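No experiment lies behind these values; they were computed from the predicted model shown.
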Amino acid sequence: MRNIPASIVAELSKDRFKSGHIVDITFTNGSATNTYYLSDLSQSITYNAQNYSPSGNLLGIGSPSESSDVRVGEISITLSAVNQAFLTMFLGANQIGQPVVISRVYIDDNGALIGGFPIYSGNISTYALSESDNRSVVKVSVSSHWADFERVAGRRTNNNDQHRYFPSDDGFEFASSTVKDIKWGRE
């Protein structure tokens, strides 16, 4: 059972209600870090001390899915590529691994924020820019933090990898041929 605030439960019990999404997406370019606060609502709101303006940059959010299977969750976000700031961020630096938080918020009939809760949190796993005659978008895939779980980290024991960190060290020059002589666990 989710921990949904009582004010939202009361709003959901009404015949009609207004909801929307807000997205916190962080970009890094060199030493500068910028977080954009995007909304698909038609009005500005303040949530967790951040202002979310209806800029039209957030074009769509995929539906999060839940399963009892152990798998990496993923959700897609479509952003307008007309905004030059997004193009600069995606083309200027690799944004893979940057944090994204997607929340659902609820608004009352007077336009006041009732509350909200996060529906997905993860990191950018891929992104693609696409253009057509009438549309320019950036499609961003956000994966849970488990997406990187099976990645093999570390270094390789070969000469090229050694030169990446120590250009004049030839200590692994013959590493590939000496592995054949090691009998650990073999007969």
Side-chain angles (χ1 to χ4, degrees), residues 1-29 32-69 71-90 95-147:
M1 182 75 181
R2 298 212 184 270
N3 188 14
I4 300 175
S7 59
I8 293 175
V9 173
E11 189 69 17
L12 292 174
S13 67
K14 294 180 180 178
D15 289 338
R16 61 187 186 121
F17 56 88
K18 184 178 179 182
S19 69
H21 296 95
I22 56 174
V23 176
D24 302 9
I25 184 167
T26 302
F27 295 110
T28 302
N29 196 355
T33 300
N34 297 315
T35 301
Y36 288 87
Y37 302 99
L38 309 173
S39 170
D40 63 1
L41 294 167
S42 60
Q43 66 187 52
S44 294
I45 64 162
T46 301
Y47 180 75
N48 286 342
Q50 297 298 331
N51 187 38
Y52 296 84
S53 298
S55 61
N57 292 321
L58 181 60
L59 300 178
I61 297 175
S63 297
S65 62
E66 296 182 0
S67 170
S68 61
D69 297 334
R71 63 183 180 88
V72 175
E74 187 172 89
I75 192 168
S76 65
I77 301 172
T78 305
L79 303 172
S80 172
V82 173
N83 185 332
Q84 294 298 309
F86 293 137
L87 283 178
T88 302
M89 291 298 173
F90 282 110
Q95 301 301 335
I96 303 295
Q98 295 301 316
V100 176
V101 177
I102 303 168
S103 299
R104 182 166 290 133
V105 293
Y106 294 88
I107 311 294
D108 68 12
D109 291 333
N110 299 322
L113 177 69
I114 296 169
F117 54 89
I119 59 170
Y120 201 86
S121 177
N123 301 316
I124 295 174
S125 57
T126 62
Y127 54 88
L129 303 165
S130 66
E131 288 190 28
S132 66
D133 290 340
N134 57 1
R135 193 169 183 188
S136 179
V137 298
V138 180
K139 187 152 187 157
V140 180
S141 292
V142 180
S143 298
S144 71
H145 66 281
W146 295 109

| task | Begin from the C-alpha positions of Val137 and Leu79 and carry the test side-chain contact (heavy atoms from CB on, under 4.5 Å) through to its verdict. | result | CA-CA 6 Å; Val137 298; Leu79 303 172; over 6 Å; no

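- In plain terms, the two heavy atoms of Asn51 and Tyr37 that are nearest each other are O-CB, 3.7 Å.
- A donor-acceptor pair is defined here as one N or O able to donate and one able to accept, closer than 3.5 Å; no such pair exists between the side chain of Asn110 and the backbone of Ala112.
- For Tyr36, the ring-ring contact (aromatic ring centres under 6.0 Å, His included) partners are Phe27, Phe86, not counting sequence neighbours.
- Enclosure of atom NZ in Lys139 is not indicated, since only 12 or fewer non-hydrogen atoms of other residues, nucleotides or ligands lie within 6.0 angstrom.
- When each of Thr46, Asp40, Asp24 is checked for a side-chain hydrogen bond (donor to acceptor under 3.5 Å, both in side chains) with Tyr52, only Asp24 meets the rule.
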| Candidate pair Thr28 and Gln98, rule side-chain hydrogen bond (donor to acceptor under 3.5 Å, both in side chains), full reasoning | CA-CA 8 Å; Thr28 302; Gln98 295 301 316; 3.0 Å; yes

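- For the pair Leu41/Val105, a side-chain contact is recorded, criterion being any heavy-atom separation below 4.5 Å from C-beta on.
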| Stepwise, does the side-chain hydrogen bond (donor to acceptor under 3.5 Å, both in side chains) test hold for Thr35 with Thr26? | CA-CA 4 Å; Thr35 301; Thr26 302; 3.1 Å; yes

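- Expressed to the nearest 0.5 Å, how far OG of Ser76 lies from CD1 of Ile61 amounts to 9.0 Å.
- Distance check, rounded to the nearest 0.5 Å: CG of Leu113 to CD1 of Ile45 gives 5.0 Å.
- Side-chain atoms of Ser44 and Ser53, non-hydrogen and from C-beta on, do get closer than 4.5 Å to each other.
- The CG atom of Leu59 sits 7.5 Å away from atom CG of Asn57, with the distance rounded to the nearest 0.5 Å.
- The only option from Val23, Thr126, Ile124 that meets the side-chain contact (heavy atoms from CB on, under 4.5 Å) definition with Val140 turns out to be Ile124.
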| request: Apply the test side-chain contact (heavy atoms from CB on, under 4.5 Å) to residues Ser125 and Glu74: give CA-CA distance (whole Å), side-chain angles for both, the deciding distance (0.1 Å), then the verdict. | output: CA-CA 9 Å; Ser125 57; Glu74 187 172 89; 3.6 Å; yes

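- With values rounded to the nearest 0.5 angstrom, Ser80 atom OG is found 8.5 Å from Arg135 atom CZ.
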| Check against side-chain contact (heavy atoms from CB on, under 4.5 Å), Val100 and Asn123 | CA-CA 6 Å; Val100 176; Asn123 301 316; over 6 Å; no

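- The CD1 atom of Ile102 sits 9.0 Å away from the OG atom of Ser121 when rounded to the nearest 0.5 Å.
- Interatomic distance, Tyr106 OH to Lys18 NZ, rounded to the nearest 0.5 Å: 14.0 Å.
- Residues that satisfy the side chain to side chain contact (heavy atoms under 4.5 Å, CB included) test with Ser103, not counting sequence neighbours, are Ile22, Tyr47, Val101, Pro118.
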